[in-house]
S.K.: 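I have a structure I would like to understand better, so I am pasting it below and will then ask my questions one at a time.
Just so it is clear, the structure is predicted and the values come from calculations on it, not from any experiment. In the text below, chain A, chain B and the rest are named by the order of the sequence lines, each starting its count at 1. The figures that follow rest on heavy atoms only: side chains count, while hydrogens, waters and symmetry mates do not.
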Amino acid sequence: MTQVIQLEGVTKRYDSADAPALGPLTLTVEEGEALAVTGPSGSGKSTLLNLVTGLDKPTEGAVTVAGQRIDQLSEHALAKFRRAQIGMVFQFFNLLDDLTVEDNIQLPAQLTGTPRRKAAARAGELMEVLGITRHARAYPGRLSGGERQRVAVARALVNRPALLLADEPTGALDTASGHDVRELLLDLHRGGQTIVLVTHDLPLAEACASRTIHLVDGHLALDTHAEAAR
Amino acid sequence: MSRWGTGALGRIVRSGVGRRRVQTVVIAVATMMAVASAVVAGSLMVATNAPFDHAFAAQHGAHLTVQFDPAKAGAARLEATRQLDGVTASAGPYPITTIHPVDGHGGHLPGLTLVGRSDPGGAVDHLTLKSGRWARKPGEIVLSSTFAGPFLKTGSTLKASEAANSRTLTVVGFALSASRTADAWALPAQVRGLASKDSPVTSQMLYRFDSAGTKGQITADRKKLAAAVPSGALLGAQSYLDTKHAADQGAAATIPFLIAFGLLGIVMSVIIVGSVVSGAVGTSLRRIGILKAIGFTPREVVRAYVAQALIPAGVGIALGVVLGNLLAVPLLEDTEQVYGTASLAVAWWVDVVVPAVALLIVGIAALVPALRAGRLRTVEAIAVGRAPRTGRGQWAHRAAGRLPLPRPVTYGLASPFAHPVRTAALLLAVAFGTVATTFAVGLTQSLNAVGRASDPEDRATVTAVSGGPAAQDSGPRSKAHGAPPSADPAKVRAAIKAQAGTATYYGLSQDDVTVAGITGSVQASLYQGDSSSGSYEMLSGHWLSGAGQLVVSTRFLERTGTRIGDTVRVTLEKDTETLRIVGEAFDTSDDGLHIHADIADFAAAEPQVFYIEVKPGVSPGTYARKLSAALKPLGAQAFANSASEQENMIIILDAMAVLLTLMLVSVASLGVLNSVVLETRERVHDLGVCKALGMSPRQTVSLVLASVAGIGLLGGLIGVPGGFALHGFVLPVMGHAAGTDLPPSVLDVYDAPQLALLALAGIVIAMLGALLPAGWAARARTATALRTE
Ligand SMILES: Nc1ncnc2c1ncn2[C@@H]1O[C@H](COP(=O)(O)OP(=O)(O)OP(=O)(O)O)[C@@H](O)[C@H]1O
Ligand SMILES: [Mg+2]
């Protein structure tokens with residue numbers, strides 16, 4: 001099995017005087033795995049995601065994602081890496097309010113220069129799968145939270161990324177919508193999508209993750225995978 | 001309440017000023033530029049509006065300069081005239097005579113009115129020494145500053161007359177008399193010593209009156225003086241109004257130009273300051289809501305926001321006044337030279353009025369949005385930051401999304417539509433910047449065309465002078481004034497003709513003639529040979545093509561009520577000829593009354609100067625050297641002309657146009673900068689999302705630039721016709737003020753490719769302003785941006 005994420009001795013400090021916000025941490029995520037990252041607030045979960053997406057650079061250590069060392073890439077190369085390999089879903093959706101649902105979903109494809117027709121076809125396909133086709137022309141402001149998160153997921157998947165990252169995807173949703181999203185992630189996992197899921201929601205983690213890690217003060221406190229291996 | 005007293009308010013204002021650093025800087029710089037250009041334009045307007053009045057007032061100029069016969073009106077009589085009703089100040093009597101000096105090279109100067117004064121001061125006609133010092137002993141002379149030039153400087157010597165034993169006079173200084181009371185001054189004893197039977201000493205008295213505003217009042221004043229002395233004692237009197245008329249003529253032309261630029265500057269700064277301040281309020285609605293929630297009264301909120309604009313604006317205004325004064329001083333010095341007036345300074349009230357008006361405008365521009373902020377309901381204000389934007393601008397995104405352009409570009413193109421008001425202000429700023437640029441480019445070209453069109457003889461490649469240096473320009477009144485050429489023109493002509501390399505040439509004589517219907521003498525240029533290479537730009541009719549023809553200026557036609565085809569009687573010495581007007585030339589020299597005719601019509605005239613064009617491939621320098629060698633034995637000389645010197649006035653206007661344009665363009669760019677900063681600050685979250693989705697820095701920059709490109713293009717498309725129209729309107733007004741129509745070479749200066757390029761000026765302005773914030777947006781940390789939910 002190929003490794004999608006490889007962290008080697010990664011440390012992230014925001015302030016050189018303080019203890020590191022994350023690490024030192026060594027972690028490998030295999031293709032097809034669904035990893036849930038849990039931990040109390042301020043334990044470094046978002047920091048970990050930012051390192052994996054290249055939005056932030058580690059203070060020490062090497063980050064390899066989809067076979068690429070990303071901790072030394074230029075901003076331009078990182079942007080290209082992100083749009084090709086990473087799909088992201090956020091707690092507060094982060095949809096662009098002035099674009100329609102359809103346009104929001106197509107945006108990452110268009111950034112890579114995918115022809116309009118192809119991007120539209122891919123977006124249509126995803127909307128179909130996620131059951132939001134009837135909202136294609138609507139603006140995100142009019143959708144419910146659950147619907148918005150589906151749009152966000154569609155947008156994350158439009159470029160068929162090697163890795164889907166989700167930071168508290170159910171954090172802003174009611175129970176029913178949260179359940180919807182859980183099902184969706186589970187389906188994606190079953191379909192072979194590699195997923196990293198940051199959440200406080202332990203049932204969610206249990207339901208759709210094949211492996212869970214627990215962070216405390218930036219350190220790995222628990223790793224179900226390692227546990228199983230032991 | 002006291003908890004939120006001035007301390008808290010002050011802290012809010014300080015932190016507001018500090019947090020919005022870009023807006024603060026933009027407000028400061030925009031007001032600085034606007035105030036500086038207003039000060040420059042305003043002070044030049046004041047100075048050029050009344051250069052004469054200015055100098056006249058400063059010098060306590062003489063309303064009447066009167067000459068008395070000392071034999072009929074003695075010292076006591078003259079003393080008595082000082083006490084006359086209505087006389088508020090007087091000076092004199094000074095001895096006055098006329099001399100006909102010869103300069104060091106044997107050149108004749110025109111007759112000079114010489115007045116004896118022991119010092120330049122006095123209650124009336126307080127002279128300004130422009131260089132050198134006042135005469136201290138016999139043999140020293142001070143000349144009117146109009147004579148200063150390469151041929152006459154301090155230290156030059158003159159012979160008092162042609163006579164071999166005449167007194168040598170050393171020029172020790174140049175002085176300026178606004179009321180033109182004399183051409184030269186010396187100590188009184190020296191004046192008496194230089195008098196002769198032909199030009200005896202008379203007495204000059206200078207008067208100021210309590211009523212001297214109109215011609216009628218001056219006439220009455222003169223009558224009063226004449227009645228106070230025995231009949232025939234008053235020999236002549238010169239009114240300041242006549243001097244003023246001549247002096248004001250040249251200045252009038254620049255005023256429409258200055259007004260145009262002044263207005264552009266003011267409109268522009270109002271737009272920018274207004275949009276900056278309202279933008280500041282717009283983006284901090286949430287903050288205002290929080291301030292009110294914690295107990296600020298509406299009035300305190302208003303005060304806080306007005307102060308946030310007034311503090312940087314105040315700094316900008318103060319700097320602008322300083323900058324404006326610094327820039328105005330050299331321009332004023334040049335203006336001084338052009339008008340020959342006394343020292344000009346920035347009028348004090350310009351320094352008071354401009355900042356006061358600017359402060360008022362900024363205050364109003366800030367008050368309107370601040371009041372809006374004060375009235376805003378707290379709940380609404382807090383909610384504003386949270387509510388998702390809906391509606392406005394979404395259609396634009398849909399439309400732009402269809403364009404066959406990269407997605408970041410189409411996304412950027414649509415974004416201005418979310419803020420129609422801000423976009424309109426931005427569009428106006430860019431359009432005004434383009435208007436200014438277009439106008440300035442056209443104006444510069446027009447002025448250069450005027451420069452090329454005036455004095456076409458300066459275009460000649462080689463000039464041959466048959467007389468001494470006095471035959472050349474050495475002062476306004478010394479133009480070969482009746483000076484007998486020392487070389488035989490016929491021989492000079494033969495030498496030029498024989499010289500290898502000569503292509504064409506013509507001879508020119510400058511003479512004083514009289515024209516029926518015009519009082520006083522008129523300068524005439526009399527041409528010998530094919531003068532087509534020295535042709536003026538023609539407004540109508542054609543240039544001289546033979547004897548019996550006359551080419552005149554617009555003003556001549558107006559003054560004499562003649563038209564092309566009419567005949568005019570012209571007298572040179574004793575020779576009167578009837579000439580037919582064949583052309584109207586663009587010629588503003590000599591108050592626009594200069595005439596041009598063929599020398600063949602006047603037997604007495606002989607050319608003093610020859611203007612030569614050389615054959616292609618012939619070096620003018622070498623040609624001139626060889627010709628000079630051939631002419632030397634004849635008493636003449638030749639020299640190659642350097643590229644014709646542009647007239648001072650044109651250089652000043654050019655410099656001013658460039659200066660004011662740069663200021664307006666930078667103010668427009670600052671406006672763009674501010675809007676884009678506001679825009680990117682509001683969009684920091686959306687941009688963060690885009691970057692998280694994989695938008696590269698380059699794509700981010702293109703998105704931000706695209707968001708102003710449309711405005712730039714549109715502003716350019718609006719601004720170019722605007723500038724074109726402004727040019728088309730202002731130039732004829734300028735020409736009219738100078739008393740002439742303008743030829744097409746001056747009016748039609750734009751060509752299509754140039755206009756197309758100018759239309760791009762809008763985009764350039766927009767891009768200049770957007771580049772910086774685009775870079776910031778591209779570099780902004782995405783992770784941080786995403787956290788601001
Ligand atoms: N940009 C930053 N600058 C300074 N410190 C930061 C920054 N981002 C995060 N931190 C700090 O790093 C630590 C880890 O933060 P992180 O956001 O990764 O926590 P988290 O586990 O995602 O918390 P939560 O569950 O609340 O989202 C925290 O102490 C936080 O204050
Ligand atoms: Mg987090």
S.K.: To the closest 0.5 Å, what do you measure between OG1 (A:Thr47) and CG (A:Leu25)?
M.R.: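 Answer rounded to 0.5 Å: 11.5 Å.
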
S.K.: Check the pair A:Arg155, A:Asn94 against side-chain contact (heavy atoms from CB on, under 4.5 Å), reporting the backbone distance first and the verdict last.
M.R.: CA-CA 11 Å; A:Arg155 183 178 66 178; A:Asn94 282 339; 4.2 Å; yes

S.K.: Where along residues 703-718 of chain B does a heavy atom come under 4.5 Å of chain A, listed by residue number?
M.R.: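 At a heavy-atom separation under 4.5 Å, chain A is reached by no residue of residues 703-718 of chain B.
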
S.K.: Can you tell me how far apart CD1 (B:Ile765) and CE (B:Met767) are? Round to the nearest 0.5 Å.
M.R.: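 Between atom CD1 of B:Ile765 and atom CE of B:Met767 there are 12.0 Å.
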
S.K.: Using non-hydrogen atoms and a 4.5 Å limit, figure out which bit of A:Leu99 sits close to chain B: side chain, backbone, both or neither.
M.R.: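 Contact with chain B is through the side chain of A:Leu99 alone.
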
S.K.: Do B:Arg407 and B:Thr410 have side-chain atoms, one donor and one acceptor, less than 3.5 Å apart?
M.R.: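 A pair is found: one side chain offers a donor N or O, the other an acceptor, under 3.5 Å apart.
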
S.K.: Check whether the side chains of A:Thr26 and A:Glu8 place a donor and an acceptor atom closer than 3.5 Å, and report yes or no.
M.R.: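 Absent: no donor and acceptor within the cut-off.
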
S.K.: Would the distance check show the side chain of A:Arg122 and the main-chain N or O of A:Leu157 forming a donor-acceptor pair, the cut-off being under 3.5 Å?
M.R.: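 Indeed, once roles are kept as given, a pair shorter than 3.5 Å links the two residues.
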
S.K.: Under the side chain to side chain contact (heavy atoms under 4.5 Å, CB included) test against A:Met88, which residue among A:Leu49, A:Val153, A:Leu165, A:Leu164 passes?
M.R.: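 Passing option: A:Leu165.
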
S.K.: Against chain B, label A:Phe90 side chain, backbone, both or neither, depending on which of its atoms sit under 4.5 Å from a heavy atom there.
M.R.: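 Side chain only.
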
S.K.: Do B:Leu772 and B:Leu673 pass the side-chain contact (heavy atoms from CB on, under 4.5 Å) test, and can you show the C-alpha distance, the side-chain angles, and the key distance before you say yes or no?
M.R.: CA-CA 7 Å; B:Leu772 214 55; B:Leu673 171 80; 4.0 Å; yes

S.K.: Does A:Arg69 pair with A:Asp71 as a salt bridge, N-O distance under 4.0 Å?
M.R.: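 Salt bridge flag = yes for A:Asp71 with A:Arg69.
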
S.K.: Which residues, numbered in order, of residues 693-700 of chain B come under 4.5 angstrom of chain A by heavy-atom distance?
M.R.: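 If one takes a 4.5 Å heavy-atom cut-off, the residues of residues 693-700 of chain B near chain A are B:Leu693, B:Gly694, B:Met695, B:Ser696, B:Pro697, B:Arg698, B:Gln699.
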
S.K.: Are A:Asp56 and A:Lys12 within salt-bridge range, i.e. N to O under 4.0 Å?
M.R.: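 Looking at A:Asp56 and A:Lys12, the cut-off is met.
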
S.K.: Please check if the number of heavy atoms outside A:Lys57 that lie under 6.0 Å from its NZ is greater than 12.
M.R.: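 Yes, the 6.0 Å shell around NZ holds more than 12 heavy atoms from other groups.
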
S.K.: Among B:Ala778, B:Ala414, B:Cys690, B:Ala692, which has the most heavy-atom pairs under 4.5 Å with chain A?
M.R.: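 Of the candidates given, the most pairs with chain A belong to B:Ala692.
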
